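Worth saying up front: this structure is predicted, and the values here are computed from it rather than measured.
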Amino acid sequence: MILTNSAAGTLRLGISTAALLAATAFPAYAQEAVAAPVVATAEQEATPFAPEAAAVPQVEKPAATADAGQPATIVVTGTLFRDSNASSISPVTVLTSETLQRANITTVQDAIRSVSADSAGSISTGFRNGFSAGGAAVSLRGLGVSSTVVLIDGLRSANFPLNDDGHNAYVDLNSIPFSVVERVEVLKDGASSTYGADAIGGVVNLISKKNFQGIEGSVQGGTTEKADGSRYRATLTAGYGDYREQGFNFYLNGEYTYDAFITNNSRGYPFNTLDLRPSGLSDRNLNDESLTAQNPQAVVVRVSQSDLNNPLSGKIGAPLTNQYQLLDPGSCPFGTYTVNTTAARGTACAHNIPGEYSIIQPQQQRYSTTGRLSIRLSDNLEAFASGSYSHSEVDIKGAPTGIRQTQPFGGSAALASSSPGIVLPVYVCAAGTNCATAADRQLNPNNPYAAAFANNPGQGAARIYYSFGDIPANSHRYVDVFRTTAGISGDLGAGFKFRLNGVYARDNFSVTQRGFLNIQGLLNAINTGAYNFVNPQANTAAVRAQISPDRTTPSYSTVATIGGSLLKKLLLLPGGDLNVGAGFQLRRETLMNRNQNRDLSYYGLNTSSARGAQTVTAGFFEIDAPFAREFDLNVSGRYDSYSQGYSRFSPKVGMKFMPIDQLSLRATYSKGFRAPTFAENNPASSYSGFSSFTPPASFVAAHPGNAAYTNTYNIGSGATGNADILPEVSRSFSAGAIFKPVRWFNLTVDYYNIKKSNLIVTGPRRADAIAAYYAQTNSTAGCAALAAVGEGYRCNVIDAPDPDNPGALPRLLVFDVPYVNANYQVSSGVDMQANLNVPVSDQLRIISRLDITQVINLDLVTPDGVVQKYAGTLGPYQLSSGGGTPRTRGNWQNSVEVGNFALTATTYYVGRIKQVAADNITPVNGVIDLSCSKALTAQCYIRPFIYADLNAAVEVNDQFRFFVNVQNVTNARAPLASGAYTSNPNYLSSWHYAGLVGRSFSAGANFRF
């Protein structure tokens, strides 16, 4: 039934979108620069441009529309030279400020996410869990956030202080001011020959306004159809100085944005539950069927306690009775459920945790200010200076913390409250020690067995299953970004031009975690009876603060760069000028990402950290030789040397052949690299995490009578930075065609193929190491076998022996894994972009644009030669948080302008995704079975997702523009994704976010004086 309704909705959407082709308009959404004059800038050479370019605002119409009476876009990414064909050799997507405004895109994240080349591994604000919660990042070609370079005016900015997955560095898109962005250029090709490290998947270059006169601003407000997720935005820019006439210009900009919470419960089934029985699938909600689930109303069972001073010393093994009971049977707000099995009998309160606590959209608040001064020092010399400050806050709500927790990573196994389980003692007292004999002892009011076992307290402990519903679990994160740049450029005569510039940026980040349990505070509250488990609402703020004090952790990162270039037109070739350029760069980067649980005093808080400093020196060159009008050859290269002791040379060759005016063929070949991050190469950095593990049958057989010791448990692995790690290296190839049969239409098709080798990974033989340990019969032999798997693998923490089977192999709790260079990855596919711009009359213009990426392969090859195929599946499941890799992704924009009125419809498409994940399947004879029999759930495929945004605007006069926007105009629902992480119940936030938010409305105005 759900699939049928969705299919019908898709059909209706397709009809309505097609109908809008004849009645909608604005300039095409993200135009491909196919034949434009080029002003080139590399990371080494930020603007300002030549005086004449600086005096006139940059043209924003797409190259595809130039022959239709519209000026061409001046592309500045990917080459050193101006007025050459070099930028059209590599595929570059350009999103102008006008295009973004008309599509109602108001953040850098939304702009980049709209480009079809952004693929697996990208981070959206909807991602609320893990290391990078609250950040946003781009992953071109699905190669990861650390393989895409993000620039602002051709210069790097500081990386976000927190690494994705504990070790991947990236620039946070949320912290970049957007209202001063003139356009966004996305180079979808390897570019290490120009930009150095990390430009394997491509480059995103945000070009800001160079000059501005007068006063300009905007106000906008909106909400969803369900009256939540409110968004407010205001911008104001004021500028003074006529650069052409007065030789200077200064402007100041301010921006404010606010986005409100959206809860899972507000969006209903299936995004507010783990119970999918109404869809014929399984029920993954244990909070209404298991007596050992952790709910906000406590359930207890009687066990023995070996150390009456230690609530963590409950008896290992089965409880003394199978009778479980609620501490307060009348406290269930959503009803009860009853279990009656041999192992457990009793009644508990039913809960649906995602519906009660989870959020789809966090609350965000961002404000920024930017200033820029441009000065013409002489007829041939100009300078600029700019500075910006941005502040971004993200508040994330979560489910309450359960009392049963794994020990902090690196802490003793004896600190675990989950194995076998924390208990409430028979007696409590003010001191919290020796309460059984203390003068002020009293029976524990939280323990229903206390009175019956007053004379035998060791047999009357209550093992408790509980989550602290009275202590809100949330995090508050903010980042302050300070950035300043300056530069000078000019004409030295005799055909020589130069540029010299510098940038300094610093990210100050802080996260305050609330709701995590302080171990000693919890144990003291239990032993003193200070915390009321029977009626949690009666607890005081002081008691809650004792158990869960806020933990604030600051971190920071910096980058400082100085660079320059010298350009020369050597001679005139048949096809144009022979251009030669060379330059240098010196860059200093630092990072201090502090350990949030440095003293191991909290349950659940992450213990990962990263720190380091490095200096990078580089030299680069580029030669552009148009040997004929029909043929242009471009050769570039860059040599980077790192203070850690390694260096790389990155060459690139590109060519363009135009046999006829209507057709151009282009191709590039390049090599690149990704430098190891501080988390990967500094031994002072560490990464850690736990994952679920089920012991093998042989281990279970060796531990009869103790099910608690052989059940599924969390096993930890950790890695420290490896000083000998080498950079990842890449080989990139692209080939394509530019077809322009008439003035008002063009089509580009490009094939890309990227191979990234020497991947930096943690513990690629992790599964082999665990298997080697459990194949032995004692811990000595087990640890020796684990270490024999490879260098850097070693046991860290072994569990205490099973008291019922003391001679058997104990559990492996924590082991170390290395950072190593292993595996290689291949990403290939086809990009297609078609643009149509027809001036029907002086008052009517019709525009249409299609932008599609088809992923052919996204494969990872393991050290054993096993190929993990991710394209069209939920893989890589571990590294993309189950977000998957859609094989097809694109958008189609249809627009019409009638006089001062404009209407635009933009339709977005994400192809179906198979719910299998190669990195989650054990290969058989070296082959991974990706058939539906290996699907993560009984639902094999996630259906395609289509939605459309509708925008209307009217230019009242030169000073005022009013607009209204309806996003997801047909209220298309996100498709059911039952294999998604339970933290994102049944949806993929990376690809289907608009279908979660649903239809939303906004309206606003732009003004300029």
Side-chain angles (χ1 to χ4, degrees), residues 40-45 76-80 86-87 89-92 117 138-151 154-157 159 168-171 185-205 559 561 563 565 581-587 589 614 616-624 634-642 644 646-654 667-677 680-681 725-734 752-760 821 824-827:
T41 180
E43 174 195 339
Q44 303 91 328
E45 47 170 37
V76 300
T77 304
T79 178
L80 299 178
S87 72
I89 291 177
S90 293
V92 179
V138 56
S139 173
L140 294 178
R141 306 305 190 199
L143 295 174
V145 297
S146 59
S147 290
T148 299
V149 169
V150 175
L151 309 172
L155 294 169
R156 294 189 185 232
S157 195
N159 285 324
N168 291 311
Y170 67 93
V171 173
E185 299 180 356
V186 182
L187 176 63
K188 301 176 292 185
D189 196 14
S192 287
S193 66
T194 302
Y195 300 105
D198 311 332
I200 292 176
V203 177
V204 173
N205 193 7
V559 63
T561 302
S565 61
F584 77 95
Q585 185 186 85
L586 180 67
R587 187 171 77 246
E589 299 173 327
Q614 66 184 16
V616 185
T617 57
F620 52 89
F621 74 91
E622 183 179 351
I623 302 171
D624 187 59
N634 186 274
V635 180
S636 59
R638 173 168 168 144
Y639 180 82
D640 289 85
S641 178
Y642 282 72
Q644 285 90 340
Y646 58 86
S647 58
R648 296 294 305 179
F649 175 69
S650 305
K652 183 173 183 177
V653 178
T668 66
Y669 178 87
S670 64
K671 292 187 176 182
F673 73 104
R674 179 180 81 81
T677 64
E680 295 164 342
N681 67 9
I725 205 78
L726 297 175
E728 297 180 347
V729 296
S730 69
R731 179 273 303 150
S732 299
F733 168 75
S734 72
Y752 67 89
N753 186 294
I754 305 169
K755 180 180 180 181
K756 187 166 70 166
S757 305
N758 283 351
L759 299 187
I760 300 174
N821 293 106
Y824 68 87
Q825 191 172 17
V826 176
S827 176

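- In terms of the side chain to side chain contact (heavy atoms under 4.5 Å, CB included) criterion, residue partners of Leu586 (sequence neighbours excluded) are, by chain and number, Ile562, Thr615, Thr617.
- Within the structure, salt bridge (charged side-chain N to carboxylate O under 4.0 Å, His left out) contacts touching residues 668-677 (residues at least two apart or in different chains) are Arg674-Glu680, Arg674-Glu728.
- Remark: the Glu622 side chain and the Thr79 side chain contain an N/O donor-acceptor pair separated by less than 3.5 Å.
- Qualifying side chain to side chain donor-acceptor pair (under 3.5 Å) partners for Asn159, counting only residues two or more places apart in sequence or in other chains: none.
- At distances below 3.5 Å, at least one donor-acceptor pair connects side-chain atoms of Tyr195 with backbone N or O atoms of Gly78.
- Between the Arg731 side chain and the Tyr669 main chain, no donor and acceptor come within less than 3.5 Å of each other.
- Taken from OG in Ser734 to CG in Asn753, the straight-line distance is 10.0 Å, to the nearest 0.5 Å.
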Is there a side chain to side chain contact (heavy atoms under 4.5 Å, CB included) between Lys188 and Val92? Walk through the geometry before answering.
CA-CA 6 Å; Lys188 301 176 292 185; Val92 179; over 6 Å; no
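- We find the OG1-CZ distance between Thr561 and Arg156 to be 8.0 Å, quoted to the nearest 0.5 Å.
- Considering only residues two or more places apart in sequence or on other chains, Asn821 meets the side chain to side chain contact (heavy atoms under 4.5 Å, CB included) condition with Ile725, Leu726, Asn758, Ile760.
- Contact record, Ser650 with Gly672: OG-CA, 4.1 Å, taken as the closest heavy-atom pair.
- Residues satisfying the side chain to side chain donor-acceptor pair (under 3.5 Å) criterion with Glu589, sequence neighbours excluded, are Arg587, Gln614.
- For Ser641, there are no side chain to side chain donor-acceptor pair (under 3.5 Å) partners at least two apart in sequence or on another chain.
- To the nearest 0.5 angstrom, Ser139 atom OG is 9.5 Å from Asn168 atom CG.
- Here the closest heavy-atom approach between residue Ala618 and residue Asp640 is recorded as CB-OD2, 3.4 Å.
- For the pair Phe621 and Val635, the minimum side-chain heavy-atom distance is below 4.5 Å.
- Taking all atoms of both residues into account, the shortest heavy-atom contact from Gln825 to Gly142 is NE2-O, 3.9 Å.
- With sequence neighbours left out, Arg648 forms a side chain to side chain donor-acceptor pair (under 3.5 Å) with no residue at all.
- Expressed to the nearest 0.5 Å, how far NZ of Lys756 lies from CD1 of Ile200 amounts to 5.5 Å.
- Every ring pair (Phe, Tyr, Trp, His ring centres under 6.0 Å) that Tyr642 has, sequence neighbours left out, goes to Tyr646.
- Counting only distance, with no hydrogens or angles, the side chain of Asp189 and the backbone of Pro91 share no donor-acceptor pair below 3.5 Å.
- The structure places CG of Leu151 at 10.0 Å from CG of Leu187, a figure rounded to the nearest 0.5 Å.
- Here the closest non-hydrogen pair linking Gly201 and Leu140 is O-CB, 3.7 Å.
- Residues passing the side chain to side chain contact (heavy atoms under 4.5 Å, CB included) test with Ser827, sequence neighbours excluded: Arg141, Leu143, Tyr752, Leu858.
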Before you tell me yes or no, could you show the steps for Phe620 and Ser636 under side chain to side chain contact (heavy atoms under 4.5 Å, CB included), namely the whole-Å CA-CA distance, both residues' side-chain angles and the distance that decides it to 0.1 Å?
CA-CA 7 Å; Phe620 52 89; Ser636 59; over 6 Å; no
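- Nearest approach of Gly190 to Lys652, heavy atoms of both residues: O-NZ, 2.9 Å.
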Step by step, work out the side chain to side chain contact (heavy atoms under 4.5 Å, CB included) result for Tyr170 and Val138.
CA-CA 8 Å; Tyr170 67 93; Val138 56; over 6 Å; no
